[in-house]
Amino acid sequence: MTTVTTPTNFAELGLISPLLARLTELEYQQPTPIQAQAIPSVLAGRDLIAGANTGSGKTATFALPMLQQLFEQQSASKSSNSKGNFVSGLILVPTRELAKQVADSIKSYAVHFNGAIKTVAVFGGVSANTQMLALRGGADILVATPGRLLDLISSNAIKLDKVQTLVLDEADRMLSLGFTEELSALLAMLPKKKQIMLFSATFPEQVQTLTQALLSDPVEIQVQSADASTLVQRAFTVNKGEKTAVLAHLIHEHQWRQALIFVNAKKACEHLADKLAKRGITAEVFHGDKGQGARTNVLEGFKSGGIDVLIATDIAARGLDIEKLPVVINFDLPRSPSDYMHRIGRSGRAGEVGLAISLIDYDDYHHFNIIEKKNKIRLEREQVEGFEVDEAAIEALAAVEKPMAKPEGTGKKKRKKQSFIPEDVWLRK
Ligand code: AMP
């Protein structure tokens, strides 16, 4: 009988010493579940479909084997893979921020290859000229958003004929952002024979269709999108018009090291920042109308701890790796249930304890129920002491909770008990 064991250290995964040395320096003590399960198969050349969110360690899952394969090929042929305007490893991502972040991670993992692997990131919102210059002589690994990549291809800055490995990162997001046509155009330019890895937090029909059309006999791995053991999710009912007051109260009261607050519209970011400023809280905003330079600065400031409170639209929800974020707050509920998972995934990263709070007023009750149902979660409705919801809101909540409540009996509806926040569960500085 053969016993199959999951490797518990990086050496067992078959990674080579320059990568192992780097992982030690980065203090990665052991592979995350997705790394342990996927890396050996990917090194063996298999296609991969992974149900994984940011925070699972998915970047290293595709980056490490890709780097290793390219480095070994290069050592064998004693020359760079990237001759002419060609690229060997192509990683497609939905957002500029993710492109930069993934490329930075790859460069960091490749430190001990001493410049042998050239990694370039290309994305919209900045001048294409610098990116064209960076692509001169090709690239071993190219991380790109689909639109800018197509532009660069049409300017002959890069060619996809020699791609050996393709990674589709956050495939669901890429399709939901409307990149379907760009993606089809790009896929048509790739050589037939290639290894493909597809990562997606969710698998709506569009992603399934793409998967079936693209991958051949893939290894399939599913890891939990948000780790329940490290992420506490809470839902607070608030009166209509009181969200800002409750938010300011929570921030003052709990002095989180940092907080990421989600709203649904660009203007709402500025609006909320102004209202918080009046309550003595300085917040920065992050949304799609900000120039790339401003976005990078805000993000760096938030990552380095210089900014405590960041108000963002969903553009920040995907793929941003902000280490050890103690709390994510849904000031506005996300429109789609999958966005809820992406947003809350910003907290409680890589084994850290995190907290995700949703503020729900009367208008949100029904939508939040749908979010819960689709994500197969169920949270207790709590209240913030000093901001108790009024009778009308409790009635409304009860009506949404039990829309089919039978009219018989005493006529009195049994109300769900509302609990207050137990102080000891809050995460403090
Ligand atoms: P990702 O899911 O790729 O965005 O990774 C999330 C975070 O986990 C990043 O900060 C990585 O540097 C970190 N990370 C990835 N793999 C490991 C590991 N095996 N041990 C510790 N941290 C890791």
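In this chain, numbering begins with 1 at the start of the sequence shown. FYI, side chains are in, hydrogens and waters are out, and symmetry mates aren't considered; it's all heavy atoms of this structure. Ligands are counted one by one from 1 in listed order, and the atoms in each one are counted from 1 as well.
If you number the atoms of ligand 1 from 1 as listed, the ones under 4.0 Å from a heavy atom of Lys58 come out as 1 (P), 2 (O), 3 (O). If you number the atoms of ligand 1 from 1 as listed, the ones under 4.0 Å from a heavy atom of Gln30 come out as 18 (C), 19 (N), 20 (N). Counting atoms of ligand 1 from 1 in the listed order, those under 4.0 Å from a heavy atom of Thr59 are 1 (P), 3 (O), 4 (O). Taking a cut-off of under 4.0 Å to the non-hydrogen atoms of Thr32, the atoms of ligand 1 that pass are 16 (N), 17 (C), 18 (C), 19 (N).
Backbone and side-chain nitrogen or oxygen atoms of Gln29 are examined, and none is located within less than 3.5 angstrom of a nitrogen or oxygen of ligand 1. Checking only distances, Pro31 never comes within under 3.5 Å of ligand 1, N or O to N or O.
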Going through the checks in order, is the side-chain hydrogen bond (donor to acceptor under 3.5 Å, both in side chains) test met by Gln101 and Asp104?
CA-CA 5 Å; Gln101 187 177 295; Asp104 288 347; over 6 Å; no
Test Ile158 against Phe86 for side-chain contact (heavy atoms from CB on, under 4.5 Å), laying out the working first.
CA-CA 6 Å; Ile158 194 81; Phe86 295 107; over 6 Å; no
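A salt bridge links Lys240 with Asp361: the distance from a Lys NZ or Arg NE/NH1/NH2 to an Asp or Glu carboxylate oxygen falls below 4.0 Å. For Glu170 and Lys58, the salt-bridge test passes: some basic side-chain N is under 4.0 Å from an acidic carboxylate O. A salt bridge does not link Arg173 to Asp314: none of the charged nitrogens lies less than 4.0 Å from a carboxylate oxygen.
Not a single heavy atom of Gln101 sits less than 4.0 Å from an atom of ligand 1.
Proximity of Phe10 to ligand 1, defined as any heavy-atom pair under 4.0 Å, is confined to the side chain (atoms from C-beta onward).
Looking only at side-chain heavy atoms (C-beta outward), Ile261 and Leu272 come within less than 4.5 Å of each other.
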